[in-house]
Undergrad: 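Shown below is the structure under consideration.
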Amino acid sequence: MAVLTYREALNRAMVEEMEKDPMIYLMGEEVGHYQGAYKVSQGMLDKFGEERVIDTPISENGFAGIGVGSAMVGLRPIIEFMTWNFSLVAIDQIINSAAKMNYMSGGQFPMPIVFRGAGGAGGRLGAQHSQAFESWYAHCPGLKVVCPATPKDAYGLLKSSIRDNNPTIFIESEVLYGSKGEVPEQEYTIPLGLGEIKRKGTDITIVTWSRALSFAEEAAIILEKEGISVEIVDLRSLRPLDENLIYESVKKTNRAIVVEEGWPVAGFGAQISHLIQKNVFSYLDHPVERVTQMDVPMSYAANLERMSLPNANRVADTIREMLR
Amino acid sequence: MVSSIPKDSQSVSELQEFYRQMVLIRKFEEAAAKAYSVGKIGGFLHLYIGQEAVGVGSIAALTPHDYIVSTYRDHGHALARGLHPNPLMAELFGKATGISKGNGGSMHFFDKNAHFMGGHGIVGGHISLAAGIAFASKYKKEDSVTICFFGEGAANIGSFHEGLNLAAIWKLPVVFICENNHYAMGTPEYRALAVKDVSVRAYAYDMARDHIEGDEVRKVRDHVKVAVDRARRGEGPTLIEVSTYRFRGHSMSDPAKYRTKEELDAYKKKDPLMRARHELELGGIKPEVLDKLEIEIQTQIDEAYAFAESSPEPPLSQLHKYVYAEDK
């Protein structure tokens, strides 16, 4: 098995899919000549040329709309947002156009488009560049929302997203781009809507996705030394959602905590919490808890940023409380 | 009324066909207005009455391979594209036989086969979709041209700028047609446009431009054809402003009190249907022939109304269908 970085895994997925299907193209700011703002598209311009790896001016709303229009007539665009923070100026196209097109046309216009790019907080990038928006997009029917946490998942999930005939919101974690992991040499895909138990345990279930998986894993290691056995469910995609995986785990551990990078209010963790209490209430020995980013915009100051983000200690503390 | 008399039998029959389409649109919408007023149609209903020559003339410049992207005021464009009035009326009634199976309504007519790429409800958002469809034609090396209708109100939103800029830098085969009816809902153009002539904005994108009056259907066709041919030759997009007027309010719920009766009456004297009829008579078509044509169209609309009324509502199982497409 090869060891790849998260960005290399994404790159490999796109390259392989584009080699197979000439209708797939990559578009976004700096994806071509600059080789990608985060180097995810490194080398792709040379491989596919300017007709398929397309640099755009700074106009997210415009090129998101280009993507949607082109998907209406058979192309399969991959639209890169340099970061998801900038997607907000394109959210009209994503929600009012892409998410609704098949529905409001009575099934005439499937929307095989992937919107992808960096999400979450980086290193002290301040309030406008440190936001996890998966809850915003997961709110909207018609979209699929994918948030991979490992290079292996990033590769398999991106390939599935590209092959899907629906608009997919593929949120990569900015801090994970350089992270390494084993990726099978053999081609594979991971179906959207299939979560994974990343760690087996018996005392409590952590439900998480994307970068927050690392907080969960770190907390599990800390707690293991104290004799607490943590099970970690990595959802990998929020829409579709692997509900049964969550329920089966909670039935076993009788406790659940959601760990996510986004804000708490109306966050996706609230939805998971609701689903657990609605569907496996009788198995619960404790109310479902959540560890999220603090309910504030991100500060630039290093200590405040640290305090704002979820972390392993907060996860571990909350779990200790739940098991007391 | 300055008239251009059709000079030969071919131009007479051409104008007669345009007249037929314009009458079809007007009668369709008069029937829709009636249905709305008795509660058979819900939601918003934005009528095209008064603007018929723009849609009919523009779409006459296209081949069946070309694409049309429309706004929330899409009935006229759909009929001009040749879509049958039955599924259009049924869509307004929210029936299973509707062109979008009842999921779309007045603002969201779609017909993939006819390359009618939708009515879109967000002002200006569809301008970049049109550029995207044109982008795909270029990508696939097909010679289709896309035309995109929007109002002067849409010219003030960011999507307009981004869509036109991208279309221009990539020389996309698209024609942007601004149907300037002088009111964005109730806001007159002088309160919304820093420069009233929308078409001069083409200079900002190094794009070809045109500006025409929208009451003469063949003139609209001829001008749009020039732009369509330019796009097809790979010479890039054009911004055309067509000055027109809606005789009704912004939608059925708007009594249009923001404009004077004198203004409306002045524009009604330039009614494109009246004009075309007058020109046809000068070209030798007897009034009885045109009266007969109108009666035939009325019959067709009555049938569409009856079809819509008698069609079933969508099955309740359709609620969850189409949220996601089938897997590849």
Side-chain angles (χ1 to χ4, degrees), chain A residues 21-23 25 27 51-52 54-77 79 89-90 92-93 95-113 141-144 160 162-167 191-192 239-240, chain B residues 67 69 91 96 98-105 107-113 115 117-122 124-140 142 144 146 157-159 161-167 169-170 172 314 318 320-328:
Chain A
D21 184 349
M23 292 297 108
Y25 69 92
M27 173 180 277
E51 284 175 4
R52 295 184 68 198
I54 302 155
D55 283 325
T56 68
I58 298 168
S59 47
E60 280 82 4
N61 181 289
F63 67 75
I66 294 262
V68 173
S70 72
M72 291 178 80
V73 286
L75 299 194
R76 305 184 73 85
I79 302 296
V89 293
D92 168 52
Q93 292 299 357
I95 290 178
N96 278 320
S97 296
K100 314 289 166 59
M101 201 66 79
N102 196 57
Y103 197 80
M104 67 185 181
S105 67
Q108 294 183 70
F109 291 97
M111 193 45 57
I113 184 168
L143 299 177
K144 295 193 174 180
S160 293
I162 292 169
R163 293 179 194 184
D164 201 283
N165 276 343
N166 294 286
L192 306 185
R239 255 189 200 271
Chain B
Y67 294 95
V69 184
E91 188 61 35
I99 196 80
S100 303
K101 299 195 172 73
N103 272 6
M107 298 189 281
H108 305 301
F109 287 175
F110 285 87
D111 190 333
K112 190 172 196 169
N113 293 331
H115 288 194
M117 310 305 281
H120 298 269
I122 306 296
H126 65 301
I127 294 174
S128 50
L129 298 190
I133 293 164
F135 171 88
S137 297
K138 191 175 178 189
Y139 186 98
K140 293 194 271 186
E142 294 169 352
S144 301
T146 299
I157 200 163
S159 294
H161 161 67
E162 295 192 25
L164 266 68
N165 186 58
L166 290 168
I169 59 174
W170 293 334
L172 300 180
Q318 188 179 300
H320 294 282
K321 208 175 169 185
Y322 309 127
V323 177
Y324 294 99
E326 304 296 315
D327 288 341
K328 193 183 176 185

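In the text below, chain A, chain B and the rest are named by the order of the sequence lines, each starting its count at 1. Atom set for the values below is all heavy atoms of this structure, side chains included, hydrogens, waters and symmetry mates excluded.
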Undergrad: Under 3.5 Å, side chain of B:Asn103 to main-chain N/O of A:Gly106, donor-acceptor pair present?
TA: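 Not a single qualifying donor-acceptor pair exists.
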Undergrad: Using non-hydrogen atoms and a 4.5 Å limit, figure out which bit of A:Asn61 sits close to chain B: side chain, backbone, both or neither.
TA: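 Contact with chain B is through both the backbone and side chain of A:Asn61.
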Undergrad: Quick one: what part of A:Pro112 sits under 4.5 Å from any heavy atom of chain B, side chain, backbone, both or neither?
TA: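 Interface part for A:Pro112: neither.
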Undergrad: Evaluate the side-chain proximity of B:Met117 to A:Val73: yes if any heavy-atom separation is below 4.5 Å, no if none is.
TA: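 A side-chain contact exists here, since the closest heavy-atom pair is under 4.5 Å.
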Undergrad: First locate atom CD of A:Gln108, then atom CG of B:Asp111, and finally report the distance between them rounded to the nearest 0.5 Å.
TA: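 Taking CD in A:Gln108 and CG in B:Asp111, the distance rounds to 5.5 Å.
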Undergrad: Could you tell me which portion of A:Asp92 (side chain, backbone, both or neither) has an atom closer than 4.5 angstrom to a non-hydrogen atom of chain B?
TA: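 The answer is the side chain of A:Asp92.
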Undergrad: Is A:Ile54 in contact with chain B via its backbone, its side chain, both, or neither, using a 4.5 Å heavy-atom distance?
TA: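 Only the side chain of A:Ile54 comes within 4.5 Å of chain B.
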Undergrad: Based on non-hydrogen pairs under 4.5 Å, which of B:Gly125, B:Gly163, B:Gly118 is most in contact with chain A?
TA: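 The answer is B:Gly125.
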Undergrad: With a 4.5 angstrom heavy-atom cut-off, could you sort out which part of B:Ile169 is near chain A: side chain, backbone, both or neither?
TA: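 For B:Ile169, side-chain heavy atoms alone lie under 4.5 Å from chain A.
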Undergrad: Quick check on B:Phe109 against chain A: is it the side chain, the backbone, both or neither that has a heavy atom closer than 4.5 Å?
TA: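 Neither part; nothing is under 4.5 Å.
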Undergrad: Short question: side chain of B:Glu162, backbone of A:Pro57 - any donor-acceptor pair under 3.5 Å?
TA: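 Not a single qualifying donor-acceptor pair exists.
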Undergrad: Determine whether B:His108 and A:Met101 make a side-chain contact, defined as any pair of heavy atoms from C-beta on separated by less than 4.5 Å.
TA: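 Not touching, per the 4.5 Å side-chain cut-off.
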Undergrad: Who passes side chain to side chain contact (heavy atoms under 4.5 Å, CB included) against A:Pro191, sequence neighbours left out?
TA: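 Result, side chain to side chain contact (heavy atoms under 4.5 Å, CB included) vs A:Pro191: A:Leu194.
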Undergrad: Please state whether the side chain, the backbone, both or neither of B:Leu172 comes within less than 4.5 Å of a heavy atom of chain A.
TA: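 Only the side chain of B:Leu172 comes within 4.5 Å of chain A.
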Undergrad: Among pairs that include at least one residue of residues 129-139 of chain B, which meet side chain to side chain donor-acceptor pair (under 3.5 Å), considering only residues two or more places apart or in two chains?
TA: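 As it turns out, the side chain to side chain donor-acceptor pair (under 3.5 Å) pairs with a partner in residues 129-139 of chain B, which skip direct neighbours, are A:Arg52-B:Tyr139.
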Undergrad: If I measure from the heavy atoms of chain B, does A:Ser97 come under 4.5 Å with its side chain, its backbone, both, or neither?
TA: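 Interface part for A:Ser97: side chain.
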Undergrad: Rounded to the nearest 0.5 Å, how far does OH of A:Tyr25 lie from CZ of B:Phe135?
TA: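 Rounded to the nearest 0.5 Å, the CZ-OH separation comes to 4.5 Å.
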Undergrad: Can you tell me if A:Tyr103 uses its side chain to pair, donor with acceptor, with the backbone of B:Tyr324 under 3.5 Å?
TA: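 Side chain of A:Tyr103 to backbone of B:Tyr324, a donor-acceptor pair under 3.5 Å: no, none is there.
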Undergrad: Could you tell me the separation between the OG atom of A:Ser105 and the OH atom of B:Tyr322, rounded to the nearest 0.5 Å?
TA: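 So the gap between those two atoms works out to 9.0 Å.
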Undergrad: Return the option, out of B:Lys140, B:Lys112, B:Gln318, with the maximum number of heavy-atom pairs under 4.5 Å with chain A.
TA: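 That would be B:Lys112.
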Undergrad: Can you find a pair of side-chain heavy atoms, one from A:Gln93 and one from B:Leu129, that are under 4.5 Å apart?
TA: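 Sidechains of B:Leu129 and A:Gln93: in contact.
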Undergrad: Taking the side chain as every heavy atom from C-beta outward, state whether A:Ser59 and B:Leu166 have any pair of such atoms under 4.5 Å apart.
TA: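 Touching, per the 4.5 Å side-chain cut-off.
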Undergrad: Is it true that, when you exclude A:Glu51 itself, more than 12 heavy atoms of the residues, nucleotides or ligands shown sit nearer than 6.0 Å to its CD?
TA: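 No, because the 6.0 Å sphere around CD of A:Glu51 holds 12 heavy atoms or fewer from other groups.
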Undergrad: Quick one: what part of B:His120 sits under 4.5 Å from any heavy atom of chain A, side chain, backbone, both or neither?
TA: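 Contact with chain A involves the side chain of B:His120 alone.
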